[in-house]
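All values derive from a computational prediction rather than experimental measurement.
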Amino acid sequence: MNAIEIKNISKSYGELKALDNVSFEVKKGELFGLIGPDGAGKTTLFRLLTTLINPDAGSATVDGLDIMKDYREIRTRVGYMPGRFSLYPDLSVEENLQFFAAIFGVTVEQSYHLVAPIYKQIEPFKTRRAGKLSGGMKQKLALSCALIHCPSVLFLDEPTTGVDAVSRSEFWDMLSNLKKQGITILVSTPYMDEASRCDRIALMNEGRILGIDTPENMVKAFDLPLYGVKAKNMFALLEVVRKQLGVLNCYPFGEMHHLVADASFNAEEMKKTLANVDGFCIEPVVPTIEDMFIKLMKP
């Protein structure tokens with residue numbers, strides 16, 4: 001049985017189409033990632049699935065319940081961590097947790113077993129006001145509050161945005177542990193490197209799903225020659241390389257540019273052609289999720 005089913009969902013804000021005929025399923029107990037840049041439609045989709053807004057067209061179920069008809073019941077079964085810190089900054093860490101437990105008619109003691117591995121990391125600061133916490137500690141508190149009523153489905157909207165690399169890694173370790181307890185997790189992120197931590201991912205842009213698969217299969221589906229190119233003047237190199245025979249695309253990628261080629265491309269010929277370019281080098285590279293995303297974006 002699927003924990004989430006989305007069928008032909010569309011949503012517009014005036015002339016802006018935030019979601020355009022989106023369909024996919026999330027299996028029970030799955031850690032599913034929505035990967036895409038700002039403006040892709042991830043937050044709108046989360047708000048629909050957590051029954052905060054209604055779709056213009058299409059349907060969706062969460063835990064077998066219809067988002068339109070059964071919104072009250074859905075709200076008792078899901079946990080939601082919005083992109084922006086949404087807890088009460090003037091309440092202490094402990095008071096925030098107690099408040100959210102009271103809203104759902106439970107006590108902190110009843111659900112402590114679920115939040116303990118996360119909450120224990122910030123419990124020494126339980127009397128500190130939430131607004132005075134660091135980014136990583138706010139993140140842990142928000143997740144604890146989202147879990148306090150033992151939800152069956154957890155929605156996390158860009159939970160690692162604005163926190164340091166160590167906190168990001170720790171957070172994904174927490175999600176892996178929650179998954180082991182049978183909780184279905186739908187998480188969105190603009191960070192392509194986090195995709196590998198998910199069971200399956202959906203690449204999303206401008207309100208549309210570009211592709212859905214496991215991270216491994218997504219990378220394997222990249223079926224074009226890919227090279228890394230470098231030179232002393234990287235900006236000038238980009239302009240020159242894009243004009244060469246057999247080059248389909250070339251874009252900045254870390255310290256190199258990634259060059260996507262067709263069957264007619266010859267790396268040795270390019271070396272000869274650009275021999276006068278200061279510091280030029282070219283070598284095959286292994287594709288990443290980001291390369292696949294750029295490929296799917298290109299018409």
Side-chain angles (χ1 to χ4, degrees), residues 4 26 29-47 49-50 52 78-87 89 93 96-97 100 114-123 125 128 130-148 151 153-181 183-205 209-210 212 214-216 218-219 253-254 288-294:
I4 302 169
V26 179
E30 189 172 31
L31 174 48
F32 191 100
L34 274 180
I35 316 297
D38 292 344
K42 305 185 300 294
T43 297
T44 296
L45 184 58
F46 273 62
R47 296 184 72 199
L49 294 174
T50 53
L52 298 178
V78 304
Y80 179 39
M81 185 173 163
R84 294 180 62 186
F85 184 65
S86 58
L87 304 184
V93 167
N96 266 286
L97 196 64
F100 278 88
L114 185 60
V115 303
I118 304 162
Y119 186 66
K120 278 182 179 178
Q121 299 178 47
I122 56 173
E123 200 164 18
F125 310 95
R128 183 178 297 182
K132 299 295 183 181
L133 298 174
S134 67
M137 291 171 70
K138 284 180 177 177
Q139 180 192 60
K140 294 179 178 71
L141 176 58
L143 183 57
S144 296
C145 290
L147 289 168
I148 197 61
V153 183
L154 187 60
F155 293 95
L156 307 172
D157 189 9
E158 298 194 359
T160 58
T161 298
V163 298
D164 61 88
V166 173
S167 295
R168 281 175 59 193
S169 179
E170 287 179 349
F171 189 85
W172 280 94
D173 290 339
M174 294 176 202
L175 297 190
S176 296
N177 290 329
L178 290 173
K179 177 183 174 293
K180 291 174 184 176
Q181 298 184 52
I183 297 175
T184 303
I185 304 171
L186 180 60
V187 57
S188 71
T189 177
Y191 300 122
M192 300 290 171
D193 61 303
E194 293 183 344
S196 62
R197 305 293 295 265
C198 302
D199 296 322
R200 285 192 304 144
I201 58 173
L203 301 183
M204 192 172 186
N205 190 52
I209 300 295
L210 304 180
I212 299 175
T214 64
E216 297 80 8
M218 194 73 76
V219 172
F253 198 99
T288 66
I289 293 292
E290 190 167 352
D291 291 305
M292 190 61 186
F293 185 84
I294 293 171

Taking only residues two or more places apart in sequence or in another chain, which ones pass side chain to side chain contact (heavy atoms under 4.5 Å, CB included) with Ser196?
-> none
With sequence neighbours excluded, tell me which residues meet side chain to side chain contact (heavy atoms under 4.5 Å, CB included) with Pro190.
-> Glu158, Thr161
Sequence neighbours left out, what passes side chain to side chain donor-acceptor pair (under 3.5 Å) with Glu290? Give chain and number order.
-> none
Name each donor-acceptor pair under 3.5 Å that joins a side chain in residues 133-141 to protein atoms two or more places apart or in another chain, with its distance.
residue, atom, partner, partner atom, Å
Ser134, OG, Met137, N, 3.4
Gln139, NE2, Pro159, O, 3.1
Lys140, NZ, Glu170, OE1, 3.2

Can you name the side chain to side chain donor-acceptor pair (under 3.5 Å) partners of Asp157, sequence neighbours left out?
-> Thr43, Ser188
Please name all residues satisfying ring-ring contact (aromatic ring centres under 6.0 Å, His included) with Tyr80, sequence neighbours left out, ordered by chain then number.
-> none
If we only count heavy atoms from C-beta on, is the Ile4 to Phe32 side-chain gap below 4.5 Å?
-> no
Of all residues at least two apart in sequence or in a different chain, which pass the side chain to side chain donor-acceptor pair (under 3.5 Å) check with Gln181?
-> none
Could you list the residues that satisfy side chain to side chain contact (heavy atoms under 4.5 Å, CB included) with Pro89, not counting sequence neighbours?
-> none
Sorted by chain and number, sequence neighbours left out, salt bridge (charged side-chain N to carboxylate O under 4.0 Å, His left out) with Arg197 holds for Asp173
All side chain to side chain contact (heavy atoms under 4.5 Å, CB included) counterparts of Ala195, not counting sequence neighbours | Ile35, Ile201, Ile289
In short, salt bridge (charged side-chain N to carboxylate O under 4.0 Å, His left out) pairs touching residues 184-195 with sequence neighbours left out are Arg168-Asp193, Arg168-Glu194
Partner set under side chain to side chain donor-acceptor pair (under 3.5 Å) for Thr50, not counting sequence neighbours = none
